[in-house]
Amino acid sequence: MEHGDRFEASLTDDGRYRLLIDAVTDYAIYMLDPTGTVVSWNTGAQRFKGYTAAEIIGSHFSRFYVEEDRQGGLPQHALEVAARDGKFESEGWRVRKDGSRFWASVVIDPIRGPSGKHVGFAKITRDLTERREAQRALEEARRTLFQSQKMEALGQLTGGVAHDFNNLLTAVLGSLELVRKRLPDDPRIVPLVDNAIQAAQRGASLTRRMLAFARRQELDREPIDFRELVRGMTDLLQRSLGPSIAIEARFPLTLAPVLADANQLEMVLLNLAVNARDAMPEGGPITIAAREENVGAGHASNLGPGRYVCLSVTDAGEGMDESTLARAPEPFFTTKGVGRGTGLGLSMVHGVMEQTGGRLMLRSRQGEGTVAELWLPAMADAEDAIIGKGAPAALGATNDSMTSLVVLAVDDDALILMNTCAMLEDLGHTALRAMSGKRALEILNREKNVDLVITDQAMPNMTGVQLIGAMRGDRPDLPIILASGYADLPPGVTTGMTRLAKPFLQQDLVRVLAEAMRPKPSVVQVLKFRQH
């Protein structure tokens with residue numbers, strides 16, 4: 001007889017069973033007496049619970065449960081269900097010898113003797129902590145993806161609506177402005193026209209916020225020191241927030257600059273501060289702070305790895321519950337009540353941050369206040385910032401010093417085209433009209449005395465950028481103004497042209513005409529940004 005055969009023959013059935021159970025290391029398999037006291041202990045139980053057999057046999061199995069479950073009577077309940085129903089199964093937190101918790105799958109079966117008498121329980125426990133964490137990570141990734149897709153869809157819808165409203169408001173504002181100039185000074189009529197203009201301007205402000213959320217606004221990026229930005233806004237913030245709000249600024253001695261639009265960041269900070277004030281009806285402190293941080297993979301912001309500057313606005317207000325916090329950046333969602341907010345403040349902040357390469361993060365709990373964080377990439381080299389622009393147009397530019405021009409206006413919207421030409425003619429210029437890129441090229445081929453072209457971007461068959469490309473071939477030096485409410489243009493296509501944001505007033509048109517006709521500098525200006 002071989003050695004293995006002799007060994008097997010020497011084992012009783014009970015010995016084979018014990019050998020099998022002891023060889024299992026991925027499961028804790030042990031026996032309990034009818035009261036729940038541990039009477040056997042295998043290698044697997046020792047491996048991930050940490051107790052040796054000598055330490056645990058004779059103890060009640062409830063010691064593996066977390067305190068809240070012991071207080072709730074879960075161990076006794078598990079034994080009662082197993083004895084009554086023939087099996088108990090569940091998942092939950094358990095405690096190792098070192099006090100750490102793990103997520104366990106538990107099965108308890110009753111054991112009965114040959115006579116049917118209940119003699120104890122067999123308990124099998126499996127450590128599912130890694131699987132649970134992987135599952136939670138997958139669910140979190142799915143939630144993040146869903147939220148990203150939802151916000152992207154909302155952004156596309158909002159951007160499209162804002163674009164259409166921009167076109168309407170361009171015609172409304174321009175026409176009202178011209179009517180206002182030509183009206184007799186009638187006290188019964190003039191206030192009504194002024195009221196209509198103010199309402200249209202409020203509508204234009206809303207569309208700008210919608211475009212900011214959709215990441216389709218025009219940004220004028222420059223190096224910005226958050227400390228200087230906040231210092232310059234202190235008076236404005238205090239006047240806007242009122243005497244019941246105490247503003248505290250906390251900044252480190254040195255802070256890297258960020259590349260962003262200063263005007264947009266000021267509007268973002270003002271929005272966050274006003275939200276913080278509204279969350280504290282009785283007044284309270286608002287803390288504005290900044291810090292630098294290295295962001296690595298898996299950061300809560302989902303930003304790419306790198307060095308970032310975080311500007312935070314913290315209040316001690318009412319806070320938000322989880323569901324409100326999740327919806328806070330959505331456009332038109334507001335908790336301020338009817339008439340107290342448009343619901344576009346945080347959506348605008350979200351859009352500006354996304355378009356600038358950063359992120360808005362909100363942390364809040366009901367009754368514990370809110371922290372709004374603006375994360376922006378820190379500039380790697382703050383010494384030289386090259387801005388490909390000429391000198392800015394003089395403030396308050398007028399049409400008085402400009403000679404009469406022949407201007408070709410191109411727009412597929414008849415209302416805007418009529419409005420633009422009326423503004424030009426009111427300024428003393430000659431306006432030629434084209435409702436398509438093809439028609440504009442035909443006019444340029446025929447009329448050699450055109451001094452300037454102002455064109456829309458979003459047109460069927462031929463966009464403004466495509467039209468500009470076609471015009472550059474024959475007349476590379478022709479001044480061009482691109483009028484658009486969108487900023488979704490390929491990089492570099494706007495080089496050498498002037499931008500005009502819709503909706504615009506006649507004074508905006510005067511300014512861009514002067515800028516477009518100004519001689520271009522021969523070298524690119526280099527602006528030095530030095531941190532003091």
Side-chain angles (χ1 to χ4, degrees), residues 11-143 321-323 365-368:
L11 290 176
T12 63
D13 288 343
D14 183 60
R16 291 192 185 96
Y17 170 75
R18 290 180 181 276
L19 186 63
L20 173 64
I21 295 301
D22 228 21
V24 176
T25 59
D26 291 335
Y27 293 80
I29 303 175
Y30 52 95
M31 304 278 292
L32 307 175
D33 71 10
T35 67
T37 299
V38 179
V39 296
S40 73
W41 196 246
N42 80 324
T43 305
Q46 179 175 331
R47 185 179 70 85
F48 65 79
K49 292 199 176 187
Y51 296 97
T52 63
E55 291 174 310
I56 205 66
I57 290 177
S59 300
H60 197 270
F61 86 113
S62 60
R63 70 186 301 173
F64 308 132
Y65 284 72
V66 296
E67 180 62 29
E68 52 265 38
D69 287 345
R70 286 200 300 271
Q71 294 293 332
L74 185 58
Q76 186 59 37
H77 172 72
L79 297 183
E80 290 171 357
V81 171
R84 182 186 70 237
D85 299 339
K87 178 172 286 190
F88 173 82
E89 290 186 77
S90 74
E91 290 187 8
W93 290 111
R94 297 293 185 270
V95 182
R96 294 187 176 94
K97 179 183 177 181
D98 61 7
S100 62
R101 294 186 175 198
F102 66 99
W103 190 258
S105 168
V106 175
V107 178
I108 302 177
D109 289 298
I111 300 174
R112 303 189 182 279
S115 64
K117 182 182 177 181
H118 178 219
V119 295
F121 299 92
K123 189 170 186 297
I124 301 175
T125 304
R126 186 181 180 189
D127 186 351
L128 299 181
T129 308
E130 289 186 7
R131 190 186 78 177
R132 183 174 185 268
E133 291 304 314
Q135 211 165 21
R136 291 185 64 183
L138 179 60
E139 289 171 0
E140 181 61 31
R142 285 173 176 165
R143 279 196 297 270
D321 58 31
E322 196 170 318
S323 60
R365 285 190 177 183
Q366 194 80 46
E368 297 182 15

Please give me the minimum heavy-atom distance between [X] and [Y], naming the atom from each residue.
X	Y	result
V38	I56	CB-O, 3.8 Å
I29	N42	N-OD1, 3.0 Å
D321	S323	OD1-OG, 3.1 Å
Q46	A53	OE1-N, 4.3 Å

Spacing of [atom1] belonging to [X] relative to [atom2] belonging to [Y], to within rounding of 0.5 Å:
X	Y	atom1	atom2	answer
R96	T129	CZ	OG1	5.5 Å
D69	S62	CG	OG	11.0 Å
Y51	D98	OH	CG	8.5 Å
R94	D127	CZ	CG	11.5 Å

Side-chain donor-acceptor pairs under 3.5 Å in residues 113-125, sequence neighbours left out?
unit_1	atom_1	unit_2	atom_2	d
H118	NE2	G120	O	2.9
K123	NZ	Y30	OH	3.1
K123	NZ	T125	OG1	3.0

Contacts of type salt bridge (Lys or Arg N to Asp or Glu O under 4.0 Å), residue E130, not counting sequence neighbours: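 E130 satisfies salt bridge (Lys or Arg N to Asp or Glu O under 4.0 Å) with no residue once adjacent residues are dropped.
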Residue of the set W93, W41, F102, F48 for which ring-ring contact (aromatic ring centres under 6.0 Å, His included) holds with F64: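 The single option meeting the ring-ring contact (aromatic ring centres under 6.0 Å, His included) with F64 is W41.
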With sequence neighbours excluded, residues passing ring-ring contact (aromatic ring centres under 6.0 Å, His included) with F61: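 ring-ring contact (aromatic ring centres under 6.0 Å, His included) check on F61 returns Y65.
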Non-neighbouring partners of H60 that pass ring-ring contact (aromatic ring centres under 6.0 Å, His included), sequence neighbours left out: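 None.
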Should we say atom [atom1] of [X] is surrounded by more than 12 heavy atoms from elsewhere, each under 6.0 Å from it?
X	atom1	result
E68	CD	yes
R132	CZ	yes
R112	CZ	yes

Pairs touching residues 50-64 that satisfy salt bridge (Lys or Arg N to Asp or Glu O under 4.0 Å), sequence neighbours left out: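 Every pair satisfying salt bridge (Lys or Arg N to Asp or Glu O under 4.0 Å) with a residue in residues 50-64: E55-K97.
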NZ/NE/NH1/NH2 to OD/OE distance under 4.0 Å, E139 and R136: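 Answer for the salt bridge query: no.
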For residues 81-88, tabulate all N or O donor-acceptor pairs below 3.5 Å that involve a side-chain atom, not counting sequence neighbours.
none

